[in-house]
Undergrad: 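The structure is given below, and queries will be raised subsequently.
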Amino acid sequence: MPSTKQIFDYFYQLEDEVTFIWSRGTWSVGKALFVPTRYIPFVIIPLTLFGSFAVNVGVHTCETLLYIIVVLEVVTISLSEGEWTYIGDPLI
């Protein structure tokens with residue numbers, strides 16, 4: 001079950017997250033990419049479970065839910081891949 005794995009993974013890596021991410025006071029690009037990548041799945045999972053197991057839900061609700069899930073997944077995948085092009089980067 002994906003939600004069980006996500007919860008296990010969160011608590012398994014919590015100590016490292018506190019040590020390497022939250023104990024440092026300043027925000028960096030890495031921290032800004034890590035935080036949404038780490039926590040957006042906690043929004044996606046309940047929405048997916050609702051969409052999978054809800055009964056008597058209207059078509060409009062299903063479509064809206066699908067669009068929200070797809071957008072969140074695209075954002076999460078993009079952030080996790082770290083494929084960003086910076087304007088003015090001398091290497092480009």
Side-chain angles (χ1 to χ4, degrees):
M1 181 176 247
S3 58
T4 305
K5 181 193 173 295
Q6 180 71 21
I7 292 169
F8 171 77
D9 182 62
Y10 174 79
F11 286 109
Y12 183 74
Q13 295 184 6
L14 185 60
E15 183 179 351
D16 289 338
E17 179 181 341
V18 170
T19 302
F20 297 113
I21 301 295
W22 298 115
S23 65
R24 300 169 193 221
T26 60
W27 277 80
S28 64
V29 174
K31 187 183 238 184
L33 293 173
F34 173 80
V35 171
T37 303
R38 177 83 162 153
Y39 291 103
I40 287 177
F42 286 105
V43 176
I44 293 174
I45 289 171
L47 293 176
T48 303
L49 291 174
F50 173 78
S52 298
F53 296 114
V55 293
N56 298 327
V57 179
V59 173
H60 178 68
T61 304
C62 285
E63 287 177 349
T64 304
L65 186 63
L66 176 65
Y67 292 137
I68 292 170
I69 290 170
V70 167
V71 167
L72 288 173
E73 287 177 349
V74 167
V75 168
T76 303
I77 291 169
S78 298
L79 290 173
S80 68
E81 292 296 325
E83 296 176 354
W84 298 98
T85 303
Y86 295 102
I87 298 173
D89 189 351
L91 298 177
I92 294 177

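Since the structure is predicted, the reported quantities are computational estimates derived from the model, not experimental observations.
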Undergrad: Are more than 12 heavy atoms, taken from residues, nucleotides or ligands other than Phe50, located less than 6.0 Å from that residue's CZ atom?
TA: no
Undergrad: Please enumerate all residues that pass ring-ring contact (aromatic ring centres under 6.0 Å, His included) together with Phe8, with sequence neighbours excluded.
TA: Tyr12
Undergrad: Consider only side-chain heavy atoms of I, L, V, M, F, W and Y, link residues closer than 4.5 Å, and tell whether Phe34 and Ile77 are in one cluster.
TA: no
Undergrad: Would you name the heavy atoms of Arg38 and Glu17 that are closest together and state the gap between them?
TA: NE-OE1, 2.8 Å
Undergrad: So which atom in Gly51 and which in Leu65 form the shortest heavy-atom distance, rounded to 0.1 Å?
TA: CA-CD2, 3.4 Å
Undergrad: What's the shortest heavy-atom distance between Pro41 and Pro46, and which atoms?
TA: O-CD, 4.4 Å
Undergrad: Find the distance between CG (Leu72) and CD1 (Ile44) and round it off to the nearest 0.5 Å.
TA: 5.0 Å
Undergrad: Nearest 0.5 Å, please: how far is OG1 in Thr4 from CD1 in Ile45?
TA: 9.0 Å
Undergrad: To the nearest 0.5 Å, what is the distance between CG on Asp9 and CG on Leu14?
TA: 10.5 Å
Undergrad: Quick one: OG1 on Thr61 to CG on Leu66, what's the gap to the nearest 0.5 Å?
TA: 12.5 Å
Undergrad: Would you kindly confirm whether Val75 and Leu33 end up in one hydrophobic cluster when ILVMFWY residues are joined by side chain heavy atoms under 4.5 Å apart?
TA: yes
Undergrad: With hydrophobic residues grouped by side-chain heavy-atom distances under 4.5 Å, do Tyr10 and Ile21 end up in a single group?
TA: yes
Undergrad: Is Trp27 reachable from Tyr39 through a run of hydrophobic residues whose side-chain heavy atoms are each under 4.5 Å from the next?
TA: yes
Undergrad: Please examine the side chains of Val35 and Trp22, heavy atoms only from C-beta on, and report whether any two atoms are closer than 4.5 Å.
TA: yes
Undergrad: Indicate if Val18 and Phe11 have the same hydrophobic cluster label, given that clusters are the connected sets of ILVMFWY residues with side-chain heavy-atom separations under 4.5 angstrom.
TA: yes
